[in-house]
Amino acid sequence: MTNTTLSTPALSRRGLLRVGLVGSAFLATAGLGASLSGCSAGTPASGYALLRGTDLPFLRALIPVLLDGAVPAAQMPKAIDGTLQSLDYSLDHLSPELLKLTQQLFDVLALRITRGPLTGVWGRWENASADDVRQFLARWQDSSIALLRMGHESLLKLVMMAWYSRQEAWAHCGYPGPPAI
């Protein structure tokens with residue numbers, strides 16, 4: 001006769017709740033630390049409506065990795081700048097609550113005390129290689145912590161929507177553009 005008993009998971013319900021509570025407490029502490037240290041200052045960077053100077057190094061490291069294969073290397077600097085402008089425009093049109101959550105995500109990624117343990121990138125984003133960023137994205141995508149998986153999805157969607165809203169991205173995906181009216 002075949003053994004049909006289910007094996008018990010490595011993580012019990014109680015263990016899962018503990019991990020969730022510890023992760024939530026860690027992120028809340030990091031957010032509080034960011035706001036107290038001035039990391040989440042609401043002052044936009046020069047030339048932007050909402051993106052802050054602390055957001056830009058991370059986004060400048062992330063965007064080329066996400067656009068790899070869609071943009072020729074020679075056009076990448078222009079694509080990064082255009083995507084940042086589109087992202088800023090999109091963020092400027094978010095609801096206040098979604099904007100607050102997005103800025104908290106950027107704060108967690110900018111703050112050194114949270115960046116290292118959560119992303120595996122211990123140094124500055126400006127010094128992170130494309131492989132470092134890919135490993136961070138894979139780490140969050142496959143994380144057992146739902147909050148990190150949601151952060152991964154949010155980052156992916158924000159950048160992809162910002163890029164594909166630009167006219168120079170349309171040819172790559174075969175979109176001829178909006179119809180002439």
Side-chain angles (χ1 to χ4, degrees), residues 20 23-24 26-28 30-31 34-35 39-40 42 44-45 47-73 75-111 114-121 125-126 128-178:
S24 296
F26 180 73
L27 291 176
S35 62
C39 179
S40 63
Y48 294 98
L50 287 172
L51 285 177
R52 302 159 302 174
T54 56
D55 304 334
L56 295 177
F58 165 69
L59 292 169
R60 288 188 184 282
L62 177 70
I63 291 171
V65 170
L66 295 180
L67 298 185
D68 188 32
V71 178
Q75 296 175 355
M76 189 61 78
K78 183 180 176 198
I80 292 170
D81 290 338
T83 303
L84 286 171
Q85 290 296 327
S86 294
L87 178 59
D88 187 58
Y89 177 83
S90 298
L91 291 175
D92 198 24
H93 291 85
L94 277 180
S95 70
E97 192 57 37
L98 282 176
L99 175 62
K100 181 180 173 188
L101 290 172
T102 304
Q103 287 179 326
Q104 286 176 346
L105 174 62
F106 290 166
D107 288 343
V108 166
L109 293 166
L111 192 61
T114 54
R115 181 182 59 239
L118 290 176
T119 67
V121 177
W125 282 112
E126 295 93 329
S129 69
D131 281 339
D132 292 337
V133 176
R134 281 188 201 93
Q135 288 173 2
F136 145 66
L137 289 171
R139 181 179 186 164
W140 278 31
Q141 181 180 18
D142 300 330
S143 177
S144 61
I145 302 171
L147 196 55
L148 297 182
R149 289 193 311 269
M150 288 188 321
H152 172 268
E153 285 297 312
S154 297
L155 291 171
L156 209 64
K157 288 178 182 177
L158 283 169
V159 172
M160 290 293 107
M161 286 183 354
W163 166 244
Y164 284 108
S165 69
R166 303 196 53 79
Q167 187 173 357
E168 62 264 26
W170 298 346
H172 179 261
C173 62
Y175 177 59

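- Under the salt bridge (charged side-chain N to carboxylate O under 4.0 Å, His left out) criterion, Arg134 pairs with Asp68, Asp131, not counting sequence neighbours.
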Intermediate values then yes/no, side chain to side chain contact (heavy atoms under 4.5 Å, CB included), Lys78 and Val71: CA-CA 10 Å; Lys78 183 180 176 198; Val71 178; over 6 Å; no
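- The minimum heavy-atom distance between Val133 and Ala128, with the atom names listed, is CG2-CB, 4.4 Å.
- Taken from NZ in Lys100 to CD in Gln104, the straight-line distance is 5.5 Å, to the nearest 0.5 Å.
- A side-chain donor-acceptor contact under 3.5 Å links Trp140 to the backbone of Leu118.
- In this pair, Phe136 and Phe58 present their aromatic rings perpendicular. The plane angle is above 60°, beyond the 30 to 60° band.
- For the atom pair Leu148 CG and Asp142 CG, the distance stands at 11.5 Å (nearest 0.5 Å).
- Looking at Trp125, its side chain does come within 3.5 Å of a backbone N or O of Leu109 through a donor-acceptor pair.
- Considering every non-hydrogen atom in both Met160 and Leu67, the closest pair reads CE-CD2, 3.8 Å.
- Summarising the geometry, atom CE belonging to Met150 is positioned 11.0 Å from atom OG belonging to Ser143; distances are rounded to the nearest 0.5 Å.
- Here the NE2 atom belonging to His93 is positioned 12.0 Å from the CG atom belonging to Leu99, to the nearest 0.5 angstrom.
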Steps toward side chain to side chain contact (heavy atoms under 4.5 Å, CB included) verdict (Leu111, Asp107): CA-CA 6 Å; Leu111 192 61; Asp107 288 343; 6.0 Å; no
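- Taking all atoms of both residues into account, the shortest heavy-atom contact from Leu105 to Ser154 is CD2-CB, 4.3 Å.
- Side-chain atoms of Arg166 come within 3.5 Å of backbone N or O of Gly82 as a donor-acceptor pair.
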Full working for salt bridge (Lys or Arg N to Asp or Glu O under 4.0 Å) between Arg52 and Asp88: CA-CA 10 Å; Arg52 302 159 302 174; Asp88 187 58; over 6 Å; no
